Amino acid sequence: MTFENTAVAQDSHFLHPWHPFDYYKDHGPSFMVEGKGCHLYDENGKAYLDAVGGLWCTNIGMGRQEMADVISEQAVKLCYANPFGNLSSLPAAHLSAKLAELAPKHLGHVYYGGGGSDVLDSAFRIIQYYQNCRSKPQKKHFVARDRAYHGTTYAMASMGGIASNRSTDLDFITETIHHISAPYYYRNAAPGMTEEEYTDSLVKEFTAKIDQLGGPDKVAAFYAEPVMGGGGVIVPPKGYLQRMGRVCKDNDILFVADEVVTGFGRLGHWFASASEFGLEPDIIAVAKGLTSGYQPLGAGLLSDQIWSVISEYGRGRVLTNGYTYSAHTVACAAALKNIEIFERERILAHVMDVGSYFEEQIKTLSDLDIIGDVRGLKFMMGIEFVSNKRTKDLFPESAGIAMRITKASLQRGLIVRPAGHLNIMSPALIMNRADVDFCVRVLRESIEATMSDLRKEGLWSPHGR
Ligand SMILES: Cc1ncc(COP(=O)(O)O)c(C=O)c1O
């Protein structure tokens with residue numbers, strides 16, 4: 001299909017996610033028209049290295065003919081199959097078995113959604129059902145963290161903890177969803193505190209929250225991204241996830257690992273919670289890299305323990321949850337091909353090599369005067385800007401620091417994402433070393449140019465360091 005060049009007018013009918021009403025009115029929509037590998041191309045054919053990877057998702061890279069072929073073949077053969085009850089499809093069955101094979105051994109049962117939000121939302125409902133099946137109907141409180149992002153269904157937006165997403169113009173569930181601190185050592189640890197002491201304080205806060213909610217009999221589950229993404233690429237202090245996992249196990253609280261970003265290779269593993277952090281979650285949610293953006297699909301992996309409760313104690317009941325498009329045939333076929341490409345091209349090993357180089361090279365930017373912290377792992381990195389390195393003071397919102405650097409980078413052919421006082425990078429996992437060098441060089445130039453602008457505008461001075 002070719003699209004006529006009337007798109008700007010057409011787009012005004014589209015309510016975008018995070019629709020910026022004023023900005024949209026003034027600037028209109030912005031388009032990319034083609035993607036190949038880790039590059040995007042605009043209407044004039046200008047190339048950009050997409051260090052955002054779409055939105056943390058184009059993991060195997062864009063424009064692969066064999067992905068298009070498998071999608072086309074499946075669409076012609078069986079474009080849709082009703083997944084309700086005992087009805088199934090070959091792509092759904094094969095993908096479920098493949099995910100069970102790749103996942104930690106105890107996570108052998110899979111359900112599906114169209115992306116991350118609805119899979120995590122289904123986990124919320126499955127957990128309520130699980131607690132009811134085992135005659136623990138009082139166990140209904142959920143704990144999440146400040147700065148968390150788990151999507152935007154009503155329950156998952158309520159689970160979220162990014163302050164700017166919790167507008168007073170929107171409603172949230174507050175009776176059964178509660179928050180504790182993010183493991184944000186750079187900004188929240190008391191001066192002089194070691195990582196271990198900081199972790200102690202976070203674990204204490206969690207146990208105090210459980211007590212405050214009425215004890216373990218009242219708390220159903222804890223939701224956590226192994227490395228927090230949209231909330232600021234926050235890598236937890238060593239041992240934090242294992243210790244939070246221990247608190248969950250000791251108190252019969254389920255641990256939901258939101259691996260929508262960290263799964264499917266971003267940190268060099270199929271699932272990072274177990275392989276990178278030694279955690280044994282009860283549910284893992286994946287989406288994004290599961291199809292590398294070629295089709296919308298999310299999957300939740302359930303532990304054998306949850307499965308045995310909902311299938312044995314749940315006898316005579318039906319779990320009335322799922323969607324018309326759960327395990328969509330075309331999306332499942334795309335996921336299977338995506339996994340085949342990961343395996344054939346040894347993409348996890350590539351991330352261990354070039355992702356480590358990316359991490360190391362991005363960290364070299366930390367000598368710049370307005371960079372307070374550079375953090376992340378492999379192909380998931382964030383740069384936090386400060387007006388003063390020593391005091392860690394932030395720039396005023398009105399300076400729009402991250403957006404300035406995004407714009408400066410864009411002019412130079414690089415896409416990085418602004419998020420509060422950070423720029424975030426999550427490129428396609430197939431980037432090579434030359435792509436990494438380009439990205440780091442352009443970022444350095446863009447940050448230096450921005451520092452010079454800020455100085456000229458009287459918004460910053462290097463003496464404030
Ligand atoms: C960690 C995390 N969880 C859940 C979601 C929601 O996924 P989706 O937008 O596919 O619903 C996202 C999206 O960015 C995410 O980053």
Side-chain angles (χ1 to χ4, degrees), residues 51-52 145-149 161-164 181-199 201-202 225 227-238 240 261 358-409 414 416-427 436 439-465:
V52 185
R145 299 175 299 171
D146 299 337
R147 295 182 166 269
Y149 187 77
I162 298 177
S164 57
S181 302
Y184 191 5
Y185 181 76
Y186 170 70
R187 206 161 269 289
N188 291 353
M193 222 179 200
T194 63
E195 284 201 21
E196 204 168 30
E197 288 163 346
Y198 182 54
T199 301
S201 74
L202 294 169
E225 302 149 79
V227 175
M228 301 184 91
V233 188
I234 297 172
V235 183
K238 213 161 181 243
Y240 164 87
V261 169
F358 185 65
E359 177 184 335
E360 178 194 302
Q361 291 302 307
I362 293 282
K363 284 183 175 166
T364 64
L365 298 171
S366 56
D367 64 314
L368 291 165
D369 283 342
I370 61 167
I371 293 187
D373 195 27
V374 184
R375 52 180 181 260
L377 293 171
K378 309 286 190 311
F379 279 128
M380 181 177 184
M381 297 299 297
I383 300 176
E384 180 164 337
F385 299 102
V386 290
S387 61
N388 185 313
K389 260 184 187 316
R390 190 178 46 78
T391 61
K392 303 183 184 174
D393 285 347
L394 294 171
F395 283 95
E397 289 292 336
S398 57
I401 182 68
M403 184 50 97
R404 279 175 185 257
I405 289 155
T406 292
K407 283 184 178 163
S409 302
L414 173 72
V416 294
R417 181 176 165 203
H421 298 272
L422 275 85
N423 279 143
I424 291 178
M425 272 99 22
S426 52
V436 172
C439 180
V440 176
R441 180 171 56 73
V442 170
L443 262 173
R444 181 173 284 278
E445 275 174 30
S446 305
I447 296 167
E448 282 173 347
T450 301
M451 281 159 58
S452 158
D453 290 346
L454 290 167
R455 217 171 15 222
K456 279 188 215 141
E457 292 170 41
L459 289 171
W460 175 76
S461 119
H463 309 300
R465 281 173 223 186

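Computed from a predicted model, the values in this text were never measured in an experiment.
Within 6.0 Å of NZ on K238 lie no more than 12 heavy atoms contributed by other residues, nucleotides or ligands. Within a 6.0 Å radius of CD in E457, other residues, nucleotides and ligands contribute more than 12 heavy atoms. Within a 6.0 Å radius of CD in E197, more than 12 heavy atoms belonging to other residues, nucleotides or ligands are found.
The shortest side-chain heavy-atom distance between L202 and R145 does not fall under the 4.5 Å cut-off. The closest side-chain heavy-atom distance from V261 to Y149 is not below 4.5 Å.
Atom OG1 of T199 sits about 8.5 Å away from atom OH of Y240, to the nearest 0.5 Å. Atom CD1 of I401 is separated from atom OG1 of T450 by 6.0 Å, given to the nearest 0.5 angstrom. Between the CD atom of E448 and the CG atom of L443 there is a distance of 11.0 Å, given to the nearest 0.5 Å. Atoms CE and CG, on M451 and D369 in that order, are 4.5 Å from each other to the nearest 0.5 Å. Here CD1 of I371 is found 9.0 Å from OG1 of T364. Values are rounded to the nearest 0.5 Å. The CZ atom of F395 sits 5.0 Å away from atom CG of L454, with the distance rounded to the nearest 0.5 Å.
Considering all non-hydrogen atoms of both residues, A419 and I424 come closest at CB-CD1, 3.6 Å. Among all heavy-atom pairs drawn from A148 and E225, the shortest one is CA-OE2, 3.4 Å. The shortest heavy-atom contact between G372 and Y186 is CA-OH, 3.3 Å. Heavy atoms only, all atoms of each residue included: A51 and L414 are closest at CB-CD1, 4.0 Å. Looking at every heavy atom in both residues, N188 comes nearest to A182 through ND2-O, 4.2 Å.
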Just distance, no hydrogens or angles: give the donor-acceptor pairs under 3.5 Å from side chains in residues 374-384, sequence neighbours left out.
unit_1: R375; atom_1: NE; unit_2: G232; atom_2: O; d: 3.0
unit_1: R375; atom_1: NE; unit_2: V233; atom_2: O; d: 3.0
unit_1: R375; atom_1: NH1; unit_2: D373; atom_2: OD2; d: 2.8
unit_1: R375; atom_1: NH1; unit_2: E384; atom_2: OE1; d: 2.9
unit_1: R375; atom_1: NH2; unit_2: G232; atom_2: O; d: 3.0
unit_1: R375; atom_1: NH2; unit_2: E384; atom_2: OE1; d: 2.8
unit_1: E384; atom_1: OE1; unit_2: Y184; atom_2: OH; d: 2.5
unit_1: E384; atom_1: OE2; unit_2: Y184; atom_2: OH; d: 3.1
unit_1: E384; atom_1: OE2; unit_2: R187; atom_2: NE; d: 2.7
unit_1: E384; atom_1: OE2; unit_2: R187; atom_2: NH2; d: 2.8

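No donor-acceptor pair under 3.5 Å is formed between the side chain of R147 and the backbone N or O of P183. Here the side chain of Y185 pairs a donor or acceptor atom with the backbone of M193 at under 3.5 angstrom. S387 places a side-chain N or O within donor-acceptor distance of the main-chain N or O of D393, the cut-off being under 3.5 Å. No donor-acceptor pair under 3.5 Å is formed between the side chain of R417 and the backbone N or O of S426. No donor-acceptor pair closer than 3.5 Å links the side chain of D146 to the backbone N or O of G161.
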